[in-house]
Every structure is written in structure tokens, then in C-alpha cells.
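Note that the coordinates shown come from a computational prediction; the quantities given were computed from them, not determined experimentally.
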Amino acid sequence: MAELTTIKNNLVFGLDIGTRSIVGVVGYLEHNIFNVVAMAQKEHDTRSMIDGQIHDIYKVGDTIRKVKVSLENQLDFSLTDVCIAAAGRVLKTINASAEYKFEEETRVNQEHIYSLNLLAIEIAHAQINGNSNEVKFYCVGSTPVNYKLNTFDISNLEGHKANKIGVELIATFLPEEVVDGLYEAVEYAGLHVASLTLEPIAAMNVAIPEQYRLLNIGLIDVGAGTSDICITKDGSIIAYGMIPLAGDEITEVIAKTYLVDFNTAEKMKISASDKKDEMITFQDIMGLKQEVKAEDVHKSIHSVISKMARATAEEIRKLNGGKSVNAVFVVGGGGKMPEYTNLIAKHLGIASERVAVRGEEVLTSINFRVEDFKKDSLYVTPVGICTNYYLQKNSFVFVTVNNERIKMYDNNHLTVVDAVMQVGFPNEKLFPRRGAEITFTINGKTRLVRGLPGEGAIVKLNGKTANLNTSIEQNDVIQITESTIGEAAHMTIGQLDEFKATVSFNVNDKNILCPRFAYVNGQLKSEYYEIANGDMIIMENYYTVEQLFAFLDLEISNLDIYVNNERADKNTKVYENFTVKTSEHDNTISYKDLPEDDTYYEKKSKKSNDQIFTPEMAEKMIAQYSNNSDNKQYIDINSNAFMSENNGMVDNNSSAAKTSNSKNMMILINNQPVTLKGKASYVLVDLFDFYEFDLTKPHGSAVVLKLNGAVSEYMAPLHDGDVVDLYWEP
């Protein structure tokens, strides 16, 4: 076997872990012919497996090691990776569909097909585990039933151009306990699982070639503990099934009938199958030597064989939509029991010649380069396990996450994030977490400021720095430290865009740009105020006369002040683009006191377009007006101004003010300031007494009257500073 050293990396090791024995096969695929270069078989010393389920992991592991050593002696080098198959005990099948749309017409390749199949498997995986509250299932095999090219059925997608591809497949699942036992026994023997499939899938690959699958055929893999079933139709495998009745049922009947131990009964069963007309000699548990005809042994087991055949036929009908199949192939050592195939045919209602044991005739595509070997149906499954490796590699990997060992379904695209999510690591602790946010309102609109992001989770893979998208492999060790929380959100008044805006006034024919005032919860605040969660901020679009002149560093006590040519006092509100005039009444200040340069106040109020006025000026104004005993008066949006009978402005302490309840109100009508006079309160219709708008000469279909941007009732109350739109609708 010296020449095998050169193809060592191409060899595949397949292991059929059966209830009664373990069969190992090593070979390689060349020109669609699988070449077997080594074989070994070892029976379990005890009943460490029952009905396909491992009961004693370490005894099964010891038997696997013996088979491994035998094969290594034949090959003259060590084996490390092995392909295995699981029996169909507690088998679950899910029919799943998936489709994939390309961004543009694309020629389909094998990678596209693999990804499509994987997508369907993942859908089935989520479905079966989502429906199970206690038992966790793992996929042990999948078989495409039908492919779609755009909207048309097709048997092979590869090479075709498509905008969309789809697949319908059967995914087979077994409970975690079954799969875990297999993996643990294999690892105990010093091997790593390279792929895992289902026994009937493996047997199908050899026993029923693809060209036969157009026919409605059933395959029965009769082992010692289970009889696994597979159905084909229209070129595809359409169903898998299992019944927990097989060769051990017969052995147990022989043991009870002839009072022998299980191993002796097993030998009697094999002898009875091979020596139909001869005597069988055995020793019972009393130590007495006994002799019985093979024919009598056949009679003693006839009822249990009939029971098995009936149950198998019923399962086949169930899987085939309630109908019988056209033919049945039987593989496995248990399939050679006398009358078994005839009874299957009887219960299915088909001709006996259409049920046959498949052995040597189905192994024609297998080249056995092993001495003293006889082709037999017993080897169909282990050879199929090897060939399945080339068709479908789906297995599980074990990784350790923060000292916890987990098993993952290997889709060949596993990353760190898949592992940490499976172990239950909180998703929010994987990615950077933001600090606390603040929510506040500004001019009635809600504003949200998020905190800063923290640092992402720190990932170490086998001691080296990695990230969440790093690929992982068998036995990788992952250490992950949770992400951190970033700095809490903070914002000052000065950082608000609304604060950086300006208000323009015309003072003594000079354009003055002033910063907006910020009121937080009714209190005037500077640009350095730290906004708190829940704050209510108002950025006012007006100044009082007193605020304006304080900003200009002008004393108003010796001035007569007019706003839009109306006499004003210190509490009169000055809105955007209002005009302000002053005149001296005691010769302390005159118009010439205001600089001639139009840019003076702009330079005074800001250093740049973004910095409106200095912090010192802001602090000065806030301190002045926050301590003013009349503070409530000048920030009151409904502050009063009283008029004399000749509509002239008078002091609030005058007799006219004391004897009159009327007040002046300034509103904007079509962007023009208008003063309402003579009433204690005003409604919308009052504006027609002060604003010229001829209703007798229509200039459109209807009059549009809006208050602060919204259509309002004529009797809606007016407030100081309200904005009115009045026009004819075309």
C-alpha cells in the first residue's frame, strides 16, 4: 500500500456504526468510480447499542477504535477524519422551500446551488426547532426534490442563466441526544467527524442510481435495530422514514425460544439464513448442548418477520401518499432473513419478484481493492457513507465560547457571531452601546440627542484578536468581552441651530442683528446652559425694548422710543424687521450717538456668522433681566399697553391707563406690522378695522384667512405677535 501515501489526502474514511457491528471503509473517488482500499468489521462485545441508539458511549468508542486500528494497519498510516451516518430513530423530516433573486441575470454555478440548498436547510432548521419546546433537533441530511429556474421546474440549475432560482428539499433531523452520542463515541476513539448523513441517504446513493429514481421505488435498509426507508419518484427522493423493528427483534425471539444468550441467538439466526436444510448446534444457558433444524428456527421467527414486514409495508404506503410503490430494494444484513422479501411483497400487494435484496449487483460501480472480500448487501451503507461525502458535506463542529463547549451545525460559513449567539450571549452586548439620550422640546417640537457609542465587544479567537465576522472551525476557542456603554448625551443652548440664528431690527435706520433669546422652562438661559432631559425650550423671535437697548448698551431712561412709529415703553415687543426710532428729551443722547457704519452692530453682536454675540454680553443681559423685578412683565407674551383717547402712548401709571381697560396689540398681517387699539381683547375679525382689505371687490373665488399658518374661525382670539395671512384664493 506504499502507493496510497501519495493519495493520502484524497482518501475518505466511512464508518457505519450499527446496532450489532461497526463496519469501516476507506477509499477514494476516481472517474466516478469509488475505489475501496481498506475494510474492517467488528461486532460489539455487549449490547452497547439498541435500536440504532448508543447506550454505552465508551464501549462503542472502544469498538470504533478497534476498527480504526485495523484499517490503519492495512494502510500503514493514521486516520484522523471520518464520515458517519445516523440511523433513523426518532427521525423527523421537513419539506422546505427557498428562493434567491439575483440583482441581474446571472449564470448559475455550484456555489449558487449550494447557497440555495443551505438557505432551505436553515429555514427547515428554524422551523423544526421553533416547534419543539424541549427536544433540540439537528439536520443530518437533505435531499433536493425539485429546482426552479425563474418559474420553471428543472432538474439541474448549473450553467443556466436566471433572474431567480428556487429549491424544494427534504431536510431530515434527529434529536440532539442521538447525534451527540455518535459524536462523543467517535471523538473518544480519537477521530474527528468530517461529515454526517442519514443511513438511508447513504444506502440510496449506492443501491438506487439516479437514473432509476424516475420510478416509484422504495428502499429498505434493514439493520439490527432499525429499518430505515427511502422513497423515490419522478427523479427525486420524496420521503424518508423509519420503524424500530429489525434484526434484533428476530434475535430476541430465538433467544427466548431456545433459552440462549443474545450472542448465541444471533449466530443461530445467521446460520439459519445460510443453512436452510441443515442442523444447527448450540449450547443453552444451562450448559446443555442442543441441536435444532434450521427449518424449525425459521418457523419460530416467522411471526416476528411477518410483523416487521407488515409494519414496513405500512410505513412505505404512508410515505408514498397512501399507495404502494412499484418496486422495493432491500439492503443491510437484516434484509437476508428468510421470507422477508416475500412478506414485504405480500403486504404491499406487488409481485414477489419486485422486492429483492440488493448486494453484489449494485456494487458494480465500486472497485474493491481488498483481498478476501465478498461483495454483500452488508457493505452498501458504509460505501454509501463514503460516496456521500462528495455529494453533501453537512456536519457539526464543536467550539468553546467563554469556557462553554457548544455544538454547531456546520454550514461551511460559520463565524464568531454564530457561536456567540448560539451560546446565548446578549445581542445588545456585542455591539457598541450608546450612552443615555436626552429628549427635550424646542418651540414645541420634540428633539432627541443620542449618547455617544461605546466600544464594541472584544473578541479573541484561539488567543488572537478577531472580530464577529471571523470564520471559525472545529475546536476553536472563543473569548468575548461584552461591549461598553458610551458617554451620555449632552448639549448646550449654544449648540442649537436655532440659537445661532439672528433677529434683525432697524434701529434709527441702522440694521441691527441680535441673537435669539433662549427660555428654558420659562427662565432665560445663556448659551452655556446644559440641556436636561424633559426641558421645554422656547427660542423667542422678539426682543422687548428694554432687552434691545441693553444689548446696544444704550440707556433708555432719557429717550422717547417709537416702534413702527408708535410710542413704546420698555416692555413693548420688537419683532423681526420692526423699526425702532429714538429721540432725546433731555439732550443726553441723539441720533448721532448711533454709529454711521451699518456693520457696527453686526460686528458687536457676532464675530462670525455662527457666533452672534459674546458670552460676556449674554451673561450681562441674563443677569440684568433675571434680577429685574419686572422680569415677568417683559417676558409675558400678553403684556399690556394702554392707549389714551387720542391713541397716544401713555405711562402705565397715568390716569388714562387707570381708567381704561383697553390695550394695544401688535400683529403681523401679510408680513406687515399692524397695531390693534381700543379694546381689552381682540378676535380675528377685528383686524378688518385696522387693515385695509376691500371685501366688496372680489379678486378671487374666496377669502383665505389664516392665523399662525392655520385656517381659523373669525372669532378666534388674537395674541400679541400673532401672524395672519389674508388674501383672495384664485
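- Here the straight-line distance linking atom CG of Asn35 with atom SG of Cys386 works out to 11.5 Å at 0.5 Å rounding.
- Lys148 and Thr151 get closest at one heavy-atom pair: NZ-O, 4.1 Å.
- Between the side chain of His298 and the backbone N or O of Ala272 there is at least one donor-acceptor pair closer than 3.5 Å.
- Among Ile243, Ile220, Leu219, the single residue meeting the side-chain contact (heavy atoms from CB on, under 4.5 Å) criterion with Ile316 is Ile220.
- The closest donor-acceptor contact from the side chain of Asn388 to the backbone of Gly384 lies at 3.5 Å or more, if one exists at all.
- A heavy-atom distance below 4.5 Å is not found between the side chains of Ile217 and Val325.
- Counting all heavy atoms, side chain and backbone alike, Ile280 lies closest to Met268 at CD1-O, 3.9 Å.
- Checking side-chain atoms of His125 against main-chain N and O of Phe173 turns up no donor-acceptor pair under 3.5 Å.
- A salt bridge between Arg65 and Asp62 is present, with a side-chain N of the basic residue lying under 4.0 Å from a carboxylate O of the acidic one.
- At a threshold of 4.5 Å between non-hydrogen side-chain atoms, the residues Thr80 and His192 do not count as touching.
- Of the possible polar contacts, one joining the Asn150 side chain to the Lys164 backbone as a donor-acceptor pair under 3.5 Å is found.
- In this structure, Glu158 places its CD atom where more than 12 heavy-atom neighbours from other residues, nucleotides or ligands lie under 6.0 Å away.
- The two atoms that bring Lys269 and Ile250 nearest to each other are CD-CG2, 3.7 Å, heavy atoms only.
- Nearest heavy-atom pair, Val399 versus Ala419, reported as atom, atom and distance to 0.1 Å: CG2-CB, 4.1 Å.
- Judged by distance alone, the side chain of Arg354 and the main-chain N or O of Val328 form no donor-acceptor pair under 3.5 Å.
- Between the side chain of His160 and the main chain of Leu157, no donor-acceptor pair closer than 3.5 Å is present.
- No donor-acceptor distance shorter than 3.5 angstrom exists from the side chain of Glu168 to the backbone of Asn95, with no hydrogens or angles considered.
- A heavy-atom distance below 4.5 Å is found between the side chains of Asn320 and Ile238.
- Atom OH of Tyr58 is surrounded by 12 or fewer heavy atoms from other residues, nucleotides or ligands within 6.0 Å.
- The shortest side-chain heavy-atom distance between Val186 and Ile84 falls under the 4.5 Å cut-off.
- A donor-acceptor distance shorter than 3.5 angstrom exists from the side chain of Thr232 to the backbone of Leu215, with no hydrogens or angles considered.
- Residue Tyr188 qualifies as enclosed at atom OH: its count of foreign heavy atoms under 6.0 Å is above 12.
- Counting heavy atoms of neighbouring residues, nucleotides and ligands inside a 6.0 Å radius, atom NZ of Lys59 does not exceed 12 of them.
- Although no hydrogens or angles enter the test, the distance criterion places a donor-acceptor pair under 3.5 Å between the side chain of Ser271 and the main chain of Lys267.
- In this structure the side chain of Leu343 reaches within 4.5 angstrom of the side chain of His302, judged on heavy atoms.
- Considering every non-hydrogen atom in both Ile123 and Ala98, the closest pair reads CD1-CB, 3.9 Å.
- Checked by atom type and distance alone, the side chain of Gln74 pairs as donor or acceptor with a backbone atom of Met39 at under 3.5 Å.
- No side-chain heavy atom of Val330 sits less than 4.5 Å from a side-chain heavy atom of Ile344.
- Checking each of Ile64, Leu191, Ile385 against Val82 for a side-chain contact (heavy atoms from CB on, under 4.5 Å) leaves exactly one that passes, namely Leu191.
- Among all heavy-atom pairs drawn from Val222 and Ser227, the shortest one is CG1-OG, 3.9 Å.
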message: Run the side chain to side chain donor-acceptor pair (under 3.5 Å) test on Asp221 and Thr381 for me, step by step, so that the C-alpha distance in whole Å, both residues' side-chain angles and the decisive distance to 0.1 Å come before the verdict.
response: CA-CA 8 Å; Asp221 183 1; Thr381 298; 2.9 Å; yes

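- Around the CD atom of Glu339, the shell of radius 6.0 Å holds no more than 12 heavy atoms that belong to other residues, nucleotides or ligands.
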